[in-house]
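What follows is a short report on a single structure.
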Amino acid sequence: MPHTKHAKLSAWVDEVAALCKPDQVHWCDGSENEYSRLTEEMIASGSATRLNPAKRPNSVHFRSHPSDVARVEDRTYIASLTRDAAGPTNNWVDPVELKKTMRGLYDGCMRGRTMYVIPFSMGPIGSPISKIGIEITDSPYVVTNMHIMTRVGKKVLAALGKDGEFIPCLHSVGAPLQPGEKDVAWPCAPIEKKYISHFPEENLIWSYGSGYGGNALLGKKCLALRIASAMAKREGWMAEHMLILRLTSPEGRRFHIAAAFPSACGKTNLAMLQPTIPGWKVECIGDDIAWMKIGPDGRLRAINPEAGFFGVAPGTSFRSNPMAMESIRRNSIFTNCVLTDEGDIWWEGMDDPCNHGIDWKGKEWTPAGGQKGAHPNARFTAPARQCPIICPDWEDPAGVPIDIFIFGGRRSAVVPLVTQSFNWDHGVYLGATAASEATAAALDVKHALRRDPFAMLPFCGYHMGDYWAHWFEMGDKLGDKAPKIFYVNWFRKSPEGKWLWPGFGDNARVLKWMCERVAGKAAAQESPIGMLPSKDALDLKGLKIGDAEVTELLRVDKAAWKAELADIEQFMSQFGDRVPARMRAQLEQMRHRLS
Ligand code: OXD
Ligand code: MN
């Protein structure tokens, strides 16, 4: 029996097999049986360690190669037909040249390995917002992670039928085996041979040389953001680096929030927040990516294209994110954590200390040695359905109607706790000028402050200026049904260097103010940078915070903002005449308000 009646898919799989020359080809059916068999094989080969089932049932730990621990932005390419289409913030290579180079690398690259064909759906199968991808990979680690992160297998092939549309995603770890050669625990290619390539006009992804996270699980950053953002622009929808949550008020009114933050700003924590204010409830819909289309009622409807969480482990604890800790109790994959003497995992920032274990490099470890036990970008992969506060509607094919957009970043100074934009255009300006201090999720980002528009700088598959224009166009289409836009900064510090805001569950206080603004209930005061909560409009009941701290949290320092303006202007100048006139107008209006 052929695996599919889809002629184009069969032809592509045959073509890739002929090029990569694997020992065998396996079509993934997405079954539990398949997951278990691959996991057992990886344990037997020494690349995975089974965790103590009494501590963490059906879970495994992997250690990656020390050179392959995060996304590699310097090796990530948007190979559009012209350099101009990719814009100055993407690495561009001529697609013909890149394909030639990569074909050379792919030639025979799967020797000694199995080639897996993974049919996957981003989003609930059958949703008008979902898309189907096919990932071909020689990494069983990728297969098991894709089982958790996406919807995989026969049901996807059934939905694809004979001629459905799919996005081809080719991946190889880039480490062919000679006959008789023993495999290493984490095969990958050296950095200069890694390529994470996107061909946006063809909806095509080619990844080579890395087995880690966003470089290898191609449904996530490559498809759901880089390729999808380009498709969304063409087709009139939005693919954003946003969590999605539902906040329900004590009266039972539901608000749906989508929020964009760069890596390392507590996005997963916010997505699963436990409000400290009585009567308010959060349900999680997604923690990383939102795909949004205008629905029949004219409102923006969002789905989470993923089915799991690929979260940063260090810093995750019952204090910072109890719901994530519950989500990873079982059936999870861990990468680059400490393996404890009890056969469980541990990382820096977990609730209880660990006195001895094996670190992410496989070496005996104690905290006294002064080295981190887990890599700062160590990850957990866990099924979203295991989150105790997963929203009952998280798989609704129609999506949830978005009321609020939030942008933000990690800023120890200048930026207040929360501002509301004056209107849509000003909100787009807030998103476009978002900035954050350093991250561990990318190997090669070293700047102290990075402007990261819409948290999409590493993920926008086309020219940033055109992306901004797309946001303005979406606002025009949505009209008075457009979500309200806010900007937050949980990370402001006092002049003495102390956090001013407690964060975590108390962030619900800020979300409450936003919801009340949407409902027309909360007061705000105008400032040169946006609307700020009026005195007493933020619910601070039960919080130990002084008046002086609140004043500092909301302070707008005109001189600092003028300096900010100069920095923003310089950042924008790289986009030249692709900066929409409406964005320039926002800049001018801000200058005027600050003068
Ligand atoms: C991620 C990232 O891994 O944004 O989600 O880097
Ligand atoms: Mn992310």
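Counting starts at 1 for both ligands and their atoms, following the listed order. Given the structure is predicted, the values throughout are model-derived calculations rather than measurements.
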(request) Examine all N, O or S atoms of I289, backbone included, and report whether one is under 2.8 Å from the Mn ion (ligand 2). (result)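 Checking I289: none of its N, O or S atoms is under 2.8 Å.
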(message) If I take the Mn ion (ligand 2) as the centre, what angle separates the NE2 atom of H241 from the OD1 atom of D288? Nearest 10 degrees is fine.
(response)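 Taking the Mn ion (ligand 2) as the apex, I get 90° for this pair.
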(request) Report yes if some N/O of R379 lies less than 3.5 Å from some N/O of ligand 1; otherwise report no. (result)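 Yes; at least one N/O pair falls below 3.5 Å.
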(message) I'd like to know whether the aromatic ring centres of W499 and F504 sit less than 6.0 Å apart in this structure.
(response)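 Aromatic pair excluded; centres sit 6.0 Å or further apart.
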(message) Counting the benzene-type ring for Trp, do Y467 and F454 have ring centres under 6.0 Å apart?
(response)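 Close enough - the centres of the two rings lie under 6.0 Å apart.
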(message) To the nearest 0.5 Å, what is the distance between OG on S263 and CZ on R410?
(response)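 CZ of R410 is found 11.0 Å from OG of S263.
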(request) Compute both the distance and the angle, then confirm whether R75 meets the cation-pi test with Y195: under 6.0 Å from the six-membered ring centre, within 45 degrees of the axis. (result)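 Ring-cation test returns yes.
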(request) Taking the six-membered ring of W468 (Phe, Tyr or Trp), confirm whether the NZ or CZ of R451 is under 6.0 Å from its centre and within 45° of its axis. (result)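 No, R451 does not lie over the aromatic ring of W468.
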(message) Under a 4.0 angstrom heavy-atom cut-off, which atoms of ligand 1 come close to K221?
(response)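 Counting from 1, the qualifying ligand atoms are 1 (C), 2 (C), 3 (O), 4 (O), 5 (O).
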(request) For D288, counting its heavy atoms only, list the atoms of ligand 1 lying under 4.0 Å from any of them. (result)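 The atoms of ligand 1 under 4.0 Å from a heavy atom of D288 are 5 (O).
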(request) Answer with side chain, backbone, both or neither: which part of H241 has a heavy atom less than 4.0 angstrom from an atom of ligand 1? (result)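 It is the side chain that gets close, since no backbone atom is under 4.0 Å.
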